[in-house]
Amino acid sequence: MAQDIDFDELLRKYKADPFDYVDVHAIHTGRVSFRVVEGSEVQAISGEWLQIPGTVLYEINRERNPKTVAAQTNGTVASVHSELDGRFVEAGEKLLTIRHPLKKKEIIENILKEVLSLFSAPESAKYFFSMDIQSRIDKKGARAVTVEPGDEILTMSLMKRDTPVYYSGERGVIHSVYFRPGISVAQGEPLLGICAPDKLPLIQKIITRVKADWDSDH
Amino acid sequence: MDRTPAPAAVRQRLFALADQKNRQGPKTTVDSLAVARYGAMVGRDIRCYSRLTRAMEQARQLIDSEAEAGGAVASGTVLLAGQLAGARGRFRRQWHAPSGGLWGCLILAATLLPPSRALIPYAVGVAGCEAVRQAGAARTQLRWVNDLLWAGGKLAGFLVEGYREPHHGEEFDLVGFGINVNNRHFPGELAGSAVALAQAVGGDLCLADFAETFLACLAWNVGLLYHEEAREAREAWQLSGEGFAGPVGGHALLARWRELSDTIGRRVVYGLDVLQAPQYEATVVGLEVDGGLLLRLADGAVTSQYCGELRYLPDQHR
């Protein structure tokens, strides 16, 4: 599959439209009211501890508990389902889309995500490598650590409940780490990109190619 | 332990608690009998050991051996140990567990939905605080999320770990508890930061009696998680418009936590492992509806934390 990727086509696509289109969904059921319109510029969450909220996108009210939801990514609001304004929505309903300008590093990561086997967060929580994996990473670096199905690779921490997370997927090395210890990861977001040993040369080729063909950081 | 805590006594205390809550009047819309019925599985099987390395480890072994034999551990089973040889807290911190304290683990099959499962640490903390207050340590307070403090000393520690047994993949929550009851002497590194319930109330307690009270409180608060989950589900499916049973539609367990805690309003230092790596100072301004802690930082920004721990900073206004 990965060997069949047409890099020329992929790079042409990213050069023609160097944006990510990030859909924003209702975080839970409730009555929604939008705080942005099409074309609004939005800022992502920021600050050393990610304590500065992003631009408020919408407010959702469930059981007299209003909650504002802020942008997690910067960009421009490309579309808004304004017909839902003031109406009751189900959890997960698509509300709007943000057009996010991609940097070279993000383009490489996006392409790699199509090649790597992604291991995603089972719950919204904070994640840490298990002690065994962490000590192997400390000694050799992540890309020298091979994981097998059934390995305890992470600890998921929520409040004060720690749960071991077992790897399920193809055997491979830890190529990309998408989480930072102590920073919350939403359910379904990728935590790790695992690469089968025979695909490593292909990965290197992708990185070299994008770096060579992309003449600026933006 | 002076005698073995009895499941029947735990159940009796649980229903007495439900009756007492019922008589308190219409402060909330909690259905006390339903809560007691949901929680009644806690402590229905109590296994006592004179000495264990770790109660959590024993719980894992029990789950595995039952699964291997084609059976299953009953949800609500409690393991109690007279003493623990290898007790530890989070981040492998040392926990001193000699005879005289209440050391153990509750095994819960993971039948709660994730938002309710996330609140198990609150349930065990509230239960611990209610039990020690009933025993006479009325000034005990909860520090987020479930540290029990009496006169600044740590009276108890709780740890919740998820576990998936390898034979059938069934998931459990292991609720570890360690309460300093009659063990008044602490080794050098803990002296000054730990305190025993016997010191707080001015005399030794009957450990089995206290264990039954604690397990009844734990049963009540675990029952409250199921009760609130059921109410929210009925509301979500539009079978009723009731929502949570706490004041102004909030979760009843979090409302109870607020009553027992002095964390909100305090200046704190926050960190994932606050002793080894403190991250920032902030003021606690409240709880999110789902249990997250709201912290206001020096720049005025308010952030929610669902993980990590706190230490209080000296507060000039107290």
Side-chain angles (χ1 to χ4, degrees), chain A residues 27-30 45-54 60-70 88-92 121-128 130-131 134 149-152 154-168 179-188, chain B residues 90 92 110 114-115 117-122 124-125 144-147 157-164 166 169 171 173-175 232 235-236 241-244 248-250 270-273 277 279-280 282 288-293 295-309:
Chain A
I27 55 164
H28 53 62
T29 54
I45 189 168
S46 60
E48 186 180 2
W49 310 108
L50 295 181
Q51 80 276 18
I52 302 169
I60 190 160
N61 194 322
R62 178 178 63 176
E63 282 297 304
R64 300 180 296 279
N65 287 308
K67 183 165 193 167
T68 53
V69 176
F88 187 86
V89 296
E90 295 290 343
E123 284 182 38
S124 297
K126 293 184 180 182
Y127 290 84
F128 314 88
S130 67
M131 294 184 80
Q134 186 63 60
D151 282 356
E152 183 185 330
L154 298 163
T155 298
M156 178 179 78
S157 190
L158 186 60
M159 307 297 181
K160 222 163 136 188
R161 179 171 67 95
D162 294 337
T163 305
V165 178
Y166 300 94
Y167 178 62
S168 57
F179 69 94
R180 278 196 291 156
I183 304 293
S184 290
V185 180
Q187 182 181 23
Chain B
R90 298 188 84 210
R92 308 233 168 231
R117 263 182 105 181
L119 299 181
I120 293 174
Y122 276 98
V124 66
W144 192 81
V145 56
N146 58 21
D147 288 335
F158 305 105
L159 191 60
V160 183
E161 292 182 359
Y163 180 62
R164 190 180 64 187
E171 288 194 31
D173 285 301
L174 308 180
V175 183
E232 197 193 24
E235 195 267 336
E242 55 191 13
F244 291 134
V248 292
Y270 169 84
L272 207 55
D273 175 353
Q279 292 181 347
Y280 54 78
E288 291 266 28
V289 289
D290 55 3
L293 187 74
L295 296 162
R296 179 178 288 120
L297 281 78
D299 61 4
V302 175
T303 183
S304 307
Q305 286 296 346
Y306 291 88
C307 190
E309 52 190 13

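Just so it is clear: chains get the letters A, B, ... in the order the sequence lines come, proteins before strands, and each one is counted from 1.
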| What are the two closest non-hydrogen atoms of Ser157(A) and Cys307(B), and how far apart are they? |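 Where Ser157(A) meets Cys307(B) most closely, the heavy atoms are OG-SG, 3.2 Å.
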| Nearest heavy-atom pair of Pro121(B) and Met159(A): which atoms, and what distance? |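 For Pro121(B) and Met159(A), the tightest heavy-atom pair comes out as CG-CB, 4.0 Å.
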| query | Rounded to the nearest 0.5 Å, what separation is found between the CG atom of Leu159(B) and the CG atom of Asp162(A)? | reply |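 Those atoms lie 6.5 Å apart.
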| In Å, rounded to the nearest 0.5 Å, how long is the span from CG of Asp290(B) to CG of Leu158(A)? | 9.0 Å
Let me know if [X] has heavy atoms under 4.5 Å from chain A in its side chain, its backbone, both or neither.
{"X": "Glu171(B)", "result": "neither"}
{"X": "Phe158(B)", "result": "backbone"}
{"X": "Val302(B)", "result": "backbone"}
{"X": "Leu119(B)", "result": "side chain"}
{"X": "Asp173(B)", "result": "side chain"}

Which one of [options] has the most heavy-atom pairs closer than 4.5 Å to chain A?
{"options": "Leu272(B), Leu174(B), Val124(B)", "result": "Leu272(B)"}
{"options": "Pro114(B), Gly308(B), Ala301(B)", "result": "Ala301(B)"}
{"options": "Glu161(B), Gln305(B), Arg117(B)", "result": "Arg117(B)"}

| What residues, two or more places apart in sequence or in another chain, satisfy ring-ring contact (aromatic ring centres under 6.0 Å, His included) together with Phe179(A)? | Phe129(A)
| Beyond-backbone contact of Lys160(A) with Asp147(B), side-chain heavy atoms, under 4.5 angstrom | yes
| field | Under 4.5 Å from a heavy atom of chain B, the part of Met156(A) involved | value | neither
| So which part of Thr29(A) gets closer than 4.5 Å to some heavy atom of chain B, the side chain, the backbone, both or neither? |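 For Thr29(A), no heavy atom lies under 4.5 Å from chain B.
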| Lys/Arg-Asp/Glu bridge criterion (N-O < 4.0 Å) met for Arg62(A), Glu232(B) | yes
